[in-house]
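What's counted below: heavy atoms across the whole structure, side chains too, no hydrogens, waters or symmetry copies. Positions are given from 1, in the same order as the sequence printed here.
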Amino acid sequence: MEKIFHVVDRVSEIVGKLASFLVVVLIIAIGYDITTRYLFSKANFWAYDMTIFLYGSYAMLGAAYCHYTKGHVRMDLLTARMSLRTRSTVDVVCYILLFFPLFFILIYKCGGHAIWALLHGERSSASAWRPYMAPFKMAILLGLVLFFLQGVVDFLRSLRIALKGGSHES
């Protein structure tokens, strides 16, 4: 089981670190757009869609890595004085009541949208560029699936601690 956990952790880490390079592309695109618009009075028809696609992909593809590194906001104020076992029990309950239902709905709905965009050639209507939406929607879906898998791993680790005690890093 630990090998599978390690694989999911590693995939989350690799995808998250690779996604961080999208910020560089985003900065270049915005810089180019600002330069051409203000210095040369030439508007870019692609900049608006590009910034949304790049930032959205960056955020969604990096979410699993953020979860892996415990970077998301947690209610430590409520659980800080609890033992590790009790805190893990609270985590297990929160995963069952909140995380899993939310992600089942998100993956189902976003998966449907991504598949529809892919099959029907959906295009953005926000600009004259009208890029295909499928790559962006597939990146969102991939990010959600990776986040879900990382959540399953974290849930199983918390469940193990809640049932058997011990450390999170076993």
Colleague: Taking CZ in F100 as the centre, count heavy atoms belonging to other residues, nucleotides or ligands within less than 6.0 Å. Is the count above 12?
Modeller: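 More than 12 within 6.0 Å, yes.
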Colleague: Any link between L149 and I96 through a network of hydrophobic side chains (Ile, Leu, Val, Met, Phe, Trp, Tyr) touching at under 4.5 Å?
Modeller: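 Linked within one cluster.
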Colleague: Looking at every non-hydrogen atom in both residues, tell me the closest pair between V92 and A162 and how far apart they are.
Modeller: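 In this case the closest contact between V92 and A162 is CG2-CB, 4.4 Å.
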Colleague: Does the side chain of T86 come under 3.5 Å of the side chain of T89 through a donor N or O and an acceptor N or O?
Modeller: no
Colleague: So that I can tick it off, tell me whether E122 and R130 are bridged by a salt bridge, with the cut-off set at under 4.0 angstrom between side-chain N and carboxylate O.
Modeller: no
Colleague: At what distance, to the nearest 0.5 angstrom, does CD1 of I105 lie from CG of L144?
Modeller: 12.5 Å
Colleague: Might you point out which heavy atoms bring G151 and Y95 nearest each other, and give the distance in Å?
Modeller: O-CE2, 3.5 Å
Colleague: How long is the span from the CZ atom in R157 to the CE atom in M1, to the nearest 0.5 Å?
Modeller: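 Between R157 CZ and M1 CE, I get 11.0 Å after rounding to 0.5 Å.
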Colleague: Can a salt bridge be assigned to the pair D33 and K42 using a cut-off of 4.0 Å between side-chain N and carboxylate O?
Modeller: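 No, no charged N to carboxylate O under 4.0 Å.
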Colleague: Can you confirm whether more than 12 heavy atoms, excluding those of Y58, are under 6.0 Å from its OH atom?
Modeller: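 At most 12 heavy atoms, drawn from other residues, nucleotides or ligands, come within 6.0 Å of this atom.
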Colleague: Determine, using ring centers only, whether F155 and F99 are less than 6.0 Å apart.
Modeller: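 Ring centres of F155 and F99 not closer than 6.0 Å.
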Colleague: Take the angle between the ring planes of H67 and F147 and call it parallel below 30°, perpendicular above 60°, tilted in between.
Modeller: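 Aromatic pair H67/F147 classed tilted.
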Colleague: Would you mind checking if D154 and K70 are paired as a salt bridge, meaning a charged N to carboxylate O distance below 4.0 Å?
Modeller: yes
Colleague: For atom CG of L98, decide whether the heavy atoms of other residues, nucleotides or ligands shown that lie under 6.0 angstrom number more than 12.
Modeller: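 For L98, atom CG is crowded (more than 12 foreign heavy atoms under 6.0 Å).
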Colleague: Give me the atom names and distance for the closest heavy-atom approach of L54 to V25.
Modeller: CD1-CG1, 3.8 Å
